[in-house]
Peer 1: 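Pasting a structure here, questions to come.
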Amino acid sequence: MLERPRVDLTINVKQLLCELADEVGLDIQSFCEKALRAEVTRMWQEQNREAIEAMNAWVEENGPPLEKYRPF
């Protein structure tokens with residue numbers, strides 16, 4: 001079997017992505033902020049899943065806290 005020569009190739013992906021984003025009119029900063037917010041929210045929900053489920057179960061059983069003080 002022939003041995004293929006090793007080829008080193010470096011691509012500046014960040015530059016290519018920025019150029020593509022500019023071409024399609026994408027606001028990179030806004031996009032990144034939204035993606036980061038969504039990921040942090042997803043991580044928080046996963047880390048607190050048990051507590052959220054326990055609180056939801058409590059509300060299902062007892063109703064919303066302080067419900068008797070609601071004016072409507």
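Below, all heavy atoms of this structure are taken into account, side chains as well, without hydrogens, waters or symmetry copies.
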Peer 1: Test of understanding: with salt bridge (charged side-chain N to carboxylate O under 4.0 Å, His left out), list the residues that count as partners of Glu46, not counting sequence neighbours.
Peer 2: Arg49
Peer 1: Side chain to side chain contact (heavy atoms under 4.5 Å, CB included) with Leu36: which residues, sequence neighbours excluded?
Peer 2: Val40
Peer 1: Can you run down the side chain to side chain donor-acceptor pair (under 3.5 Å) pairs that involve residues 31-45, sequence neighbours left out, and say none if there aren't any?
Peer 2: Gln29-Glu33, Glu39-Arg42
Peer 1: For Glu23, which residues count as a side-chain hydrogen bond (donor to acceptor under 3.5 Å, both in side chains) partner, sequence neighbours excluded?
Peer 2: none
Peer 1: Looking at Pro65 and Val59, what are the two nearest heavy atoms and their distance?
Peer 2: CD-CG2, 4.3 Å
Peer 1: Report the distance from atom CD of Gln15 to atom CG of Leu20, rounding to the nearest 0.5 Å.
Peer 2: 11.0 Å
Peer 1: Can you list the residues that meet the salt bridge (charged side-chain N to carboxylate O under 4.0 Å, His left out) rule with Arg6, with sequence neighbours excluded?
Peer 2: Asp8
Peer 1: According to salt bridge (charged side-chain N to carboxylate O under 4.0 Å, His left out), who are the partners of Arg4, at least two apart in sequence or on a separate chain?
Peer 2: none
Peer 1: Hey, is CD on Glu19 packed in by over 12 heavy atoms from elsewhere, all under 6.0 Å?
Peer 2: yes
Peer 1: Any heavy-atom pair between the side chains of Asn56 and Ile52 that's under 4.5 Å?
Peer 2: yes
Peer 1: For the hydrophobic clusters of this structure (ILVMFWY residues joined by side-chain heavy atoms under 4.5 Å, transitively), does one cluster hold both Phe31 and Val24?
Peer 2: yes
